[in-house]
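For reference, the structure discussed in these notes is given below.
On a predicted model such as this, the values are computed, not experimentally measured, just so you know. Lettering of chains follows the sequences in order, A, B, ..., and the numbering in each one begins at 1.
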Amino acid sequence: MKLVFELSKQGRASALLPECDVPEALPDAAFRRAEAPALPEVAEVDLDRHYNGLADEAFGVCNGFYPLGSCTMKYNPRINEEVSALPGFSDIHPLQPEGTVQGALEAMATACDLLAEITGMDAVTLQPAAGAQGEFTGLLLIRAYHKAAGDDARTKIIVPDSAHGTNPATASMAGFDTVNVPSNESGGVDLEALRAAVGPDTAGLMLTNPNTLGLFDPNIIEICSIVHEAGGLCYYDGANLNPIMGIARPGDMGFDCVHLNLHKTFSTPHGGGGPGSGPVGCKAHLKDFLPAPIVEKRDGAYALVNPERSIGRMKSFYGNFGVAIRALAYILALGKDGIPEAARTAVLNANYLMSKLEDRYAIPFAGPCMHEFVMDIGPLKEETGASALDVAKRFLDFGMHPPTMYFPLIVHEALMVEPTETESRETLDAAAEAFLAIWDEAHDNAEALHNAPLTTRIGRPDEVRAARNPVVRWMPDARDFGGSDGAKR
Amino acid sequence: MKLVFELSKQGRASALLPECDVPEALPDAAFRRAEAPALPEVAEVDLDRHYNGLADEAFGVCNGFYPLGSCTMKYNPRINEEVSALPGFSDIHPLQPEGTVQGALEAMATACDLLAEITGMDAVTLQPAAGAQGEFTGLLLIRAYHKAAGDDARTKIIVPDSAHGTNPATASMAGFDTVNVPSNESGGVDLEALRAAVGPDTAGLMLTNPNTLGLFDPNIIEICSIVHEAGGLCYYDGANLNPIMGIARPGDMGFDCVHLNLHKTFSTPHGGGGPGSGPVGCKAHLKDFLPAPIVEKRDGAYALVNPERSIGRMKSFYGNFGVAIRALAYILALGKDGIPEAARTAVLNANYLMSKLEDRYAIPFAGPCMHEFVMDIGPLKEETGASALDVAKRFLDFGMHPPTMYFPLIVHEALMVEPTETESRETLDAAAEAFLAIWDEAHDNAEALHNAPLTTRIGRPDEVRAARNPVVRWMPDARDFGGSDGAKR
Amino acid sequence: MGNYLPSTSTEREQMLADLGYESIDDLYAVVPAEARVHDLALPEGLSELELRDRLGAMAAKNTVFRSVFRGAGAYRRFVPALVKTVIAKEEFVTAYTPYQAEISQGVLQSIFEYQSMVCELTGMDVSNASLYDGATAAAEAVFMCQDRKRSTVVVSKTVNPQTIETVRTYCEGRDVEVVVVPMRNGATDMQALAEALDDKTACAIVQQPNYFGVLENTGEIIETIHEAGAKAIVSADPVSLGILASPGEMGADICVAEGQSLGLPLSFGGPYLGIICCTKQLMRKLPGRIVGQTEDARGNRAFVLTLQAREQHIRREKASSNVCSNEALCALAAGTYLACMGPRGLARAAELSCSKAHYLAERLAEIPGFELVWDSPFFNEFMTSCPIDPHALEQGLAERGVLAGLPTEHGILWCTTELNSKTQIDELVDMVRSAVR
Amino acid sequence: MGNYLPSTSTEREQMLADLGYESIDDLYAVVPAEARVHDLALPEGLSELELRDRLGAMAAKNTVFRSVFRGAGAYRRFVPALVKTVIAKEEFVTAYTPYQAEISQGVLQSIFEYQSMVCELTGMDVSNASLYDGATAAAEAVFMCQDRKRSTVVVSKTVNPQTIETVRTYCEGRDVEVVVVPMRNGATDMQALAEALDDKTACAIVQQPNYFGVLENTGEIIETIHEAGAKAIVSADPVSLGILASPGEMGADICVAEGQSLGLPLSFGGPYLGIICCTKQLMRKLPGRIVGQTEDARGNRAFVLTLQAREQHIRREKASSNVCSNEALCALAAGTYLACMGPRGLARAAELSCSKAHYLAERLAEIPGFELVWDSPFFNEFMTSCPIDPHALEQGLAERGVLAGLPTEHGILWCTTELNSKTQIDELVDMVRSAVR
């Protein structure tokens, strides 16, 4: 594929804007740029083909099975795209008078109520733009809570070693130190280690449950108690809510606040890496600290109000509204029966697929699993030389997206498989057959696997070269970017 | 690719419709069907992937060069899709009170006016659904005209031997006999033959100009005169209007009526074979015969009225309205300068591409051509064994759509190439290189060409088998379709 | 001004120079001066922004009704979101007729699937790839039945009048007589039908449910037609076939239908979808494109346009139809719609439409002057009397965002579909009640 | 009720049986009873038809204004039809972050192109793949500048107040001081700025054109910041960069921008697009995803996510940012927008926006009481006084389909873009005139 810049010819353009119908009034030369930006000049027909070509080289849930562990790549219903694009939602200004956006505020309030019910929380904000920002918000709530209580000594956040990297990174952003606690042999939190870790410096615990091994921690209530008894708060990382939504609630487990990834659990599309949405829910004792503004109904009308002791604003306006509309549509469609049914089916599908693989592939922690399971490719690698990377890359040749690779870190050759509930038995069977075929190939000719994928337009890219000699932009001929060999026209 | 029926599992479905909110009231059993139709039962996720898979196996103008002669596969502007989908156009009932559809009627009237100006006609109907139906309409106008004049002897329609098959077929549908006239050595109408053919039985002439060889007939005015002098009318087949729109008008050449293919000249998309739209324009003396209804402005408001001596209705309602909106948008965008500029560029592009090929490939009629040109693969076939089919199929391997094959019939191994104006020089150069490479391949190893295409998912299908033993539908297991081996579940 | 040309004027001049011409006019040398345009009276071209404003303003002048109780051949129905997604895919939208099978399997297979679903729905053996609309499908069906011995056409008065008009126009070219059979109690008059048929009759057309919503005794009608040695053409409502007896099981020779209900918007009357399908005996008379299944040399299943010997580009003046363009994208919509709905979804749509019509009829009957005109069984459309000027009623409702039933010579023709909720119906009844007060 | 499950309950029971379980609850055995939901207080699920009605009713309660004269950080601008087409493509919409480069070249290349265009537009060396929005981009930019010696932040009062608030929230976690510099005649007070900077200052943020539409002397400001040894962060309006001096050429270290103007709808405030780019010296401090060019073993050009050593999944608690999701689809929209517009189209958008604002300002000034609050040069937004209650004016205009400028403590902040035709502006002025009469 050519770069769009490589399609550019001087003077080409589409006729998009009219001539000026008022007297021209432009800024003084002092404010003007010296030369025009070297944006591409391409005719519409060639742009159209360019982006169709790029789309052909993208792979979405619409193209096939996507068992990317921890990412919950479920089907994105088309109706959600349709309703979120309604002009009444998509063409309203965030600073319109409240009286002219009552429907939008109603949608937000409804989404908050439904999410609060699903998580067992008392209040929800839609403002965080993604899970990571939700985590940051949650930790700022915890920080504000302790601060309001005059308790400045609580500087530490406890994080299990199986956690996503965002957890410790977020703790740092929020000014906390991270204390890692190890997993026990069943993959859950080591209670003794936790007891040893908590103390008067404990601000809180961040926990994903089911954890990144796909296991629900049976000690969850005790875990929360231990933290609470030490004076800390418990933060629920909602990345893995999908298998328990409508079945069990973080609030009832003892968590004080929670973030959700609407782009995972609530079926909003991932968009190639965003936009996501990371609403945060909290119990009543944290509600006054929520970021500003939140939606409330007052005297029969919805209004945006600032919580009393708000931690402030996390971003512009009210969050990724368009994403929230999609999630709202999803929850309204599923309703009280559909939500737990989706969760149960996610768990069933994961266990079904795992059962087809466990005779060949090592499953490091005993099941049943929840929505996902981790395979350890270590034994296969030792035996045949085929690594988790090799297995994943070969999986591409079967027209499916590989599982998450090399995560969680506590399993060195991990492949993390999350089928989600929106896959049929036929799809799961086809995936199992592919994995088993690869297992056979590893034993027959592991060398060949190192060259996988074989059927994609490009082979494995040289990532080391990319990082060592970064070429991160196209560069017009006339200029150059430092010492690097920028992509040239 | 599986058939959608092969994805079906009993009981699968999407939750699309609600329960009934009024008392159930259904027809008596006597009116009910014995068993449910065996429609597929497939989940939304699998349907979504199915249709994405089918789309991957379709090739449109959005995917690349499409020089399909006589089809004018120009770029379909995206804005036209957008405006035609506006609820104010797409969600209005054809039988709404006229006061509630003034904008729709205005759009139709505007389109008619613009098309009349471009063709040099006095009135236009948008009713015909496609070019072929436009032809039928035109011939019914001619028939009605002679009938109204009490002239029952005019039973013959003259058609040149280079004409599209629709011309003679239409003449038959309209109750006329067809008289074929041969082409002269320059590819135009043989004037002597025409003079010999006309007479008191001549109802009219159907002519495409430029003709299917891409040649503008220099004798066009004399041709029309000859027919008129014999008492016949002249029908302009608008299939090839693109190179002369805004440059020369059928009305000024002497034609009495004309059809247009909005899906060719006016950039509305072909949709994989329709919907098209075939408006018919006519001079004042035919206006009263136009199909009912047509749009007129009366007392400041638009109204649908039935012409006095209308030939009747060609189809339901007012034509392919949604297609007409796209064409209207196109004409309004191009305007008085853009329309002829598009025509000129279409001609330039055709001549440019022809000039790159004429040293190798035989061009049976001397240029310059108009919007398209015909190559004769006969000499190449004689020399190497590579046929027009072989060349076309090999062209597929270059990621482009082949030219029209084996048409016009007067060139036995014809390839008819129409690049259109919406292709860049780079694209034309790439196409020329592909044709020249194929010419070399034919000389190096013609055998290999017989197996082309090599890079498509399927190779050349067995068309004889398809016609001899027709399997034209999938069949559920339990039933069978006559003696044929219907596709089975 | 737009033009969608990739090449700039500079590039075009260069290309022209490469060709050895000085002016683009040199390429037009053969065009006689008398035919040349001198001052094209078109407006100046518009930028995309202006174009959106201009067309947007026209669209805004049309009323998009909140609720619609009018059908009469065009129906506002539920369209699954997936259908809209599928038919917006550029690969489908911008492709030509699938002549090049090797790169067109997606389009070909979608049509093959459409043909199969149409056969399932109608109970017929063979469907083509579609025609322009229901009315032209009926006219083409007539052409299929005509031969030297039998050429006249009998049509029931209860068939959609636009269909009758279209059949007349098509038959006009060949000077064929079209006999219209009167109706009785809203349905085809059986006795008059039998009398209209004779040994010149090529075929007879009936509609089920008929134009007035009434359920015809299709079986008996077809029997009568067959007894006269003519072919029976049934025009069906495709959604109703979710529960109604199929033309195939009733013995029809040809079934035609307006397919707009299957996932297409109202779009002020077009583009719509002409469904035509027939018994296998008539297969080789079917007009238009047909997709068939075959194999490539490697043994892959493959689809192609087939039975082309029927068509105009081969037969020329001997072809029975000149059709080439079909409504492929509309057929894709219909196929996707049927796949989304499935047998149960389609049945539900039919059931809801029917039940709601009966509820509406009952509720309207509470208002003096709104009686059912006929006591025949009906499906989702029905005719009532109207005690006031129906156009005044229509106008009053229109101002409140509701499109009333269609005023006709017999009364008002009401229609409901799955989109008309009970709330909408009750609201309508209230509006009607206050309108006649 | 929807559920989007392909498997039927029968199939699921069978799968469960295959696994050797009797009940799905067996798989949940580890979940303690106290955490189990007993009666989930959610409404019954809806069919697609009901869902469309329900959400449609909510959407219908919002006013979509015919003309909009309000900006203040969110702009209704022209969006080319092609942009809407591209970002609706399911392959882009439903893909994950492009971890698997071999099947994600389309997404990766689109981001690489986006990064390149952003660099061109801003004059900076390196862009990331995007952040959440302009405000969070500013906050992340602050994090890039902080080290042990220098950690405080200076922000001009003329920066969008939501950006200031967001920076404050982000800095709160690390107890970092945020100093706000006052303004003078609608622009940053240069003397106050110089005084606010000291040897603890990590960076200072200014906005061009600023929140009030006024054009800042960016060059002088950046010089002042650099003289104090701090980094200069410029928040830019990306459309204005079609003609305005780029932050890069003025010497900025980091440029951030709200990218919503580049082809994204207003969407009640999100999703928007956080643009962040910097000098090559700061490249390895840039947060979020970055796409780089490399080759595969066969020598094909290939794109990958690169410089991952910066990111949270590698560095964990040592990462300077926790960002993982970016706004890839919004970046695709922006890249497509910029490719559609090209350098001349973007300049035209900037010129139209600016010219129209000056025309509007002039016309409004004809009405007594609507004077410009400051006499500083402005771009496409400006502040006027208002002789009546601004909310009454807002209300009056809203009833006529026009969204007035934003009422603020300083007056009314008006905005024009290329979408405001002279006709619209004249109409607005007439409405305002009658409102104050």
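Residue Pro470(A) comes nearest to Leu307(D) through the heavy atom pair CG-CD2, 4.0 Å, listed as atom of the first residue, atom of the second, then distance. The shortest heavy-atom contact between Gly272(A) and Pro98(D) is O-CD, 3.5 Å. Here the closest non-hydrogen pair linking Gln133(A) and Tyr170(D) is NE2-OH, 2.9 Å. Taking each heavy atom of Ser355(D) and Leu26(A) in turn, the nearest pair found is OG-CD2, 3.8 Å.
Neither the backbone nor the side chain of Leu139(A) comes within contact range of chain D; no heavy atoms are under 4.5 Å apart. For a residue to count as touching a neighbouring chain, one of its non-hydrogen atoms must lie under 4.5 Å from one of that chain's; by this rule Leu215(A) does not touch chain D. Contact annotation for Ile247(A): both backbone and side-chain heavy atoms come within less than 4.5 Å of a heavy atom of chain D. Using a 4.5 Å cut-off between heavy atoms, Leu348(A) contacts chain D through both its backbone and its side chain. Contacts between Asp462(A) and chain D at a heavy-atom distance below 4.5 Å involve backbone atoms as well as side-chain atoms. Neither the backbone nor the side chain of Pro291(A) comes within contact range of chain D; no heavy atom of the residue lies under 4.5 Å from a heavy atom of that chain. Interface residue Val4(A): backbone and side-chain heavy atoms are both found under 4.5 Å from chain D. Proximity to chain D is limited to the side chain of Leu68(A), based on heavy atoms less than 4.5 angstrom apart. Looking at His164(A), the atoms closer than 4.5 Å to chain D (heavy atoms on both sides) all sit in the backbone: N, CA, C or O. Of the atoms belonging to Asn76(A), it is side-chain heavy atoms, and not backbone ones, that fall under 4.5 Å from chain D.
One finds a salt bridge joining Asp175(D) and Arg143(A) here, because a Lys/Arg side-chain nitrogen approaches an Asp/Glu carboxylate oxygen to under 4.0 Å. Electrostatic pairing of Asp125(D) and Arg473(A) does not count as a salt bridge here, judged by no charged N lying under 4.0 Å from a carboxylate O.
With respect to chain D, the highest number of heavy-atom pairs below 4.5 Å among Gly53(A), Ser14(A), Cys20(A), Ala171(A) belongs to Cys20(A).
Side-chain contact check for His93(A) versus Phe65(D): every heavy-atom pair is 4.5 Å or farther apart. Residues Ser325(D) and His270(A) fail the side-chain proximity criterion, which asks for heavy atoms closer than 4.5 Å. Considering only heavy atoms from C-beta on, Pro340(A) stays 4.5 Å or farther from Val37(D) through its side chain. Side chains of Gln109(D) and Glu57(A) form no contact here, defined as non-hydrogen atoms less than 4.5 Å apart. Side-chain contact between Thr456(A) and Gln100(D) is absent, with no heavy atoms from C-beta onward closer than 4.5 Å.
Taking the six-membered ring where the residue is Trp, the centroids of Tyr28(D) and Phe216(A) are separated by 6.0 Å or more.
Between Tyr4(D) and Tyr75(A), the ring-plane angle classifies as tilted under the 30° and 60° cut-offs.
For Phe59(A), the ring pair (Phe, Tyr, Trp, His ring centres under 6.0 Å) partners are Tyr66(A), not counting sequence neighbours. Annotation: side-chain contact (heavy atoms from CB on, under 4.5 Å) contacts of Lys318(D) (sequence neighbours excluded): Arg315(D).
Side chain to side chain, Gln162(D) and Lys315(A) fail the donor-acceptor criterion of an N or O pair below 3.5 Å.
At least one donor-acceptor pair closer than 3.5 Å links the side chain of Arg70(D) to the backbone N or O of Leu95(A).
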